[in-house]
*Asks:* 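Mind having a look at this structure? Questions to follow.
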Amino acid sequence: MGNKPTIAISHLGCEKNRIDSEHMLGLLAKAGYPVDNDEELADYVIVNTCSFIQAAREESVRTLVELAEANKKIIISGCMAQHFQDELLTELPEAVAIVGTGDYQKIVEIVERVETGERVKEVSADPTFIADENLPRYRTTTEGVAYLRVAEGCDYRCAFCIIPHLRGDQRSRSIESIVAEARQLASQGVQELILISQITTNYGLDLYGEPKLAELLRALAEVDIPWIRVHYAYPTGLTPKVIEAIRESPNVLPYLDLPLQHSHPDILRGMNRPWQGRVNDGIIERIKQAIPNAVLRTTFIVGFPGETEEHFSHLLEFVKRHEFDHVGVFTFSAEEGTAAFGLPNPVPQAIMDERRERLMLTQQPISERKNQAYIGQTVDVLIEQENPETGELIGRSARFSPEVDGLVYVTGEAILGAIVQVRITAADTYDLYGEIV
């Protein structure tokens, strides 16, 4: 046996993809491969790609081309590998392997085969794999935070979304498996656990015959981790049982990430989400009454085919009325292989961009007002980074999820990865500023 080649991972895409990267790193390290985060020094670079919308694919392709030009041996994994396996093999002679979204667990064997000179294509047409707590994993997030995947895939068929085609139907892990992994992470000092899947409110449906998010949250409430955050909660799945579990579990944060996409029933029907149109207003009021301190984040798509100025005004009014804490806005991207591809009455890109801008400008004063309400208060902050130049610390309060929401800039002394009390002294549209108490 000669020396094993060095492997780096270039990670693109969402936090579900990040967990796949972390498992590949863990498996390779366990098999004795030197893992390096410097792509320059690595013999192989695994590019874990995203294929969700055009912009994400362009970023993935740019990364692949740059590495190819640097004469790197490339292993392409993730959603774009699943989506365009044959095209990628044809277009990129530097690609030594293509790995599907349900096949990353075979990474060690794939590298061994590549080392013998084989060009490997390992792509299950219908992905069914989901990793459990026994698959090695090497975390790439800051010390205090870990993502925990509770399910993979999705059974919904929203008209704009290619994900079910790329990651298969929903498959959930058992409550026992998730709790076991949560305990492992707690023992590593994790302070914040973020539960993710394509649609977390449907967790357990495939395994238990009914959604079991409430039971899962109650089981995780027994684990010694201060913050548990739920991502991708469809409002219809926030049943009284789930709301009660959030309220009664002290470590489950009252932070709700509701991917609403739109407010107008016509557009929701076009998006193949008609079940949502009837419930938006009522359900948000119900959540606010049930959890008065709830932090609400949501995302919207503007420019879905057929969206008129009237439909868009409905959305603006909706955003003004409900005063969400955090709002993300995307312009519609027509994806081949989805029902919305080729729909009549497309909205020109310039109008989409202008609507996105108007929606963001409507939300900004709301976000700013919500932030300013915290001035003078003392809040818990998870410290994640230190600026070595200034000694300034950067972290997040429970109101802010990583990557997508704001930050808290902190003066004072603290250990990275610890939750400390911070008195908020200033605020702007997206961030808070304070000092350690």
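Atom set for the values below is all heavy atoms of this structure, side chains included, hydrogens, waters and symmetry mates excluded. What you see is a predicted model; the values in this text were computed from it and never measured.
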*Asks:* What pairs with Ala290 under side chain to side chain contact (heavy atoms under 4.5 Å, CB included), at least two apart in sequence or on another chain?
*Replies:* Ile243, Arg247
*Asks:* If you define the side chain from C-beta out and look only at heavy atoms, does anything of Val422 sit under 4.5 Å from Ile424?
*Replies:* yes
*Asks:* Is it the case that the side chain of Ser172 and the backbone of Gly204 share a donor-acceptor pair, with hydrogens and angles ignored and the cut-off at 3.5 Å?
*Replies:* yes
*Asks:* Does Glu248 form a salt bridge (charged side-chain N to carboxylate O under 4.0 Å, His left out) with Arg218? I'd like the steps, not just the answer.
*Replies:* CA-CA 8 Å; Glu248 292 177 6; Arg218 289 188 188 278; 3.1 Å; yes
*Asks:* Please list, chain by chain and in numerical order, all residues satisfying salt bridge (Lys or Arg N to Asp or Glu O under 4.0 Å) with Lys288, sequence neighbours excluded.
*Replies:* none
*Asks:* Could you tell me whether Arg139 and Glu181 make a salt bridge, using a distance below 4.0 angstrom between a side-chain N and a carboxylate O?
*Replies:* no
*Asks:* Any side-chain heavy atom of Thr298 within less than 4.5 Å of one from His322?
*Replies:* no
*Asks:* Between Asn345 and Pro305, is there a donor-acceptor pair closer than 3.5 Å when you use the side chain of the first and the backbone of the second?
*Replies:* no
*Asks:* Going by the salt bridge (Lys or Arg N to Asp or Glu O under 4.0 Å) test, which pairs reach into residues 411-431, not counting sequence neighbours?
*Replies:* Arg423-Glu435
*Asks:* Run the ring-ring contact (aromatic ring centres under 6.0 Å, His included) test on Phe318 and His262 for me, step by step, so that the C-alpha distance in whole Å, both residues' side-chain angles and the decisive distance to 0.1 Å come before the verdict.
*Replies:* CA-CA 9 Å; Phe318 183 78; His262 212 281; 8.8 Å; no
*Asks:* Could you measure the distance from the CG atom of Leu416 to the CG atom of Leu382? Nearest 0.5 Å is fine.
*Replies:* 9.5 Å
*Asks:* Closest heavy-atom contact between Ala214 and Ala245?
*Replies:* O-CB, 3.7 Å
*Asks:* Examine the side chains of Thr128 and Arg171 and answer whether a donor and an acceptor come within less than 3.5 Å of each other.
*Replies:* no
*Asks:* Does the side chain of Asn387 come within less than 4.5 Å of Ile394's, by heavy atoms?
*Replies:* no
*Asks:* Return each pair, listed once, that meets salt bridge (Lys or Arg N to Asp or Glu O under 4.0 Å) where at least one residue sits in residues 48-61; pairs must be two or more places apart or across chains.
*Replies:* Arg57-Glu335
*Asks:* Please name all residues satisfying side chain to side chain donor-acceptor pair (under 3.5 Å) with Thr200, sequence neighbours left out, ordered by chain then number.
*Replies:* Ser197
*Asks:* Only counting residues at least two apart or in another chain, list the ones meeting side chain to side chain contact (heavy atoms under 4.5 Å, CB included) with Ser367.
*Replies:* Gln363, Thr429
*Asks:* Working to the nearest 0.5 angstrom, can you tell me the gap between Leu393 CG and Glu384 CD?
*Replies:* 11.5 Å
*Asks:* Output yes when a side-chain donor or acceptor of Asn17 lies under 3.5 Å from a complementary backbone atom of His11, and no otherwise.
*Replies:* no
*Asks:* Taking only residues at least two apart or on different chains, which pairs with a member in residues 294-315 satisfy ring pair (Phe, Tyr, Trp, His ring centres under 6.0 Å)?
*Replies:* His264-His311, His264-His314, Phe304-Phe332
*Asks:* If you measure from CD1 on Ile301 to CE on Met271, what distance do you get to the nearest 0.5 Å?
*Replies:* 4.5 Å
*Asks:* For the residue pair Gln170 and Gln198, establish whether any side-chain heavy-atom pair is separated by less than 4.5 Å.
*Replies:* no
*Asks:* Closer than 4.0 angstrom, basic N to acidic O: yes or no for Arg269 and Asp266?
*Replies:* yes
*Asks:* Evaluate the side-chain proximity of Ile246 to Leu217: yes if any heavy-atom separation is below 4.5 Å, no if none is.
*Replies:* yes
*Asks:* Of Leu268, Thr299, Ile284, which meets side chain to side chain contact (heavy atoms under 4.5 Å, CB included) against Leu260?
*Replies:* Ile284
*Asks:* With sequence neighbours left out, write down each residue that passes side chain to side chain donor-acceptor pair (under 3.5 Å) with Ser401, or none if nothing qualifies.
*Replies:* His231
*Asks:* Can you pull the ring pair (Phe, Tyr, Trp, His ring centres under 6.0 Å) pairs that have at least one residue in residues 127-152, sequence neighbours excluded?
*Replies:* Tyr104-Phe129
*Asks:* In Å, rounded to the nearest 0.5 Å, how long is the span from CG of Leu64 to CD1 of Ile76?
*Replies:* 4.5 Å
*Asks:* Could you check whether any side-chain N or O of Arg297 sits under 3.5 Å from a backbone N or O of Phe400, counting only pairs where one atom can act as donor and the other as acceptor?
*Replies:* no
*Asks:* Suppose we screen for side chain to side chain donor-acceptor pair (under 3.5 Å). Which residues come up paired with Glu210, at least two apart in sequence or across chains?
*Replies:* Lys212
*Asks:* Under a 4.5 Å cut-off applied to non-hydrogen side-chain atoms, are Ile225 and Gln191 in contact?
*Replies:* no
*Asks:* Kindly state each residue pair satisfying salt bridge (Lys or Arg N to Asp or Glu O under 4.0 Å) with at least one member in residues 232-241, sequence neighbours excluded.
*Replies:* Glu215-Lys241
*Asks:* Just verifying a value: how many Å separate Ile194 CD1 and Tyr232 OH, rounded to the nearest 0.5 Å?
*Replies:* 9.5 Å
*Asks:* Flag the pair Arg173 and Glu152 as a salt bridge only when some basic side-chain nitrogen lies within less than 4.0 angstrom of an acidic carboxylate oxygen.
*Replies:* no
*Asks:* Looking at CG of Leu432 and CG of Leu407, how far apart are the two atoms once the value is rounded to the nearest 0.5 Å?
*Replies:* 9.5 Å
*Asks:* Taking side chain to side chain contact (heavy atoms under 4.5 Å, CB included) as the test, write out the residues that go with Asn251, two or more places apart.
*Replies:* Ala221, Ile228, Ser249
*Asks:* May I have the step-by-step check of salt bridge (charged side-chain N to carboxylate O under 4.0 Å, His left out) for Arg157 and Asp169, ending in yes or no?
*Replies:* CA-CA 10 Å; Arg157 296 294 181 265; Asp169 288 333; 2.7 Å; yes
*Asks:* Do NZ/NE/NH1/NH2 and the carboxylate oxygens of Glu403 and Arg396 come within less than 4.0 Å?
*Replies:* no
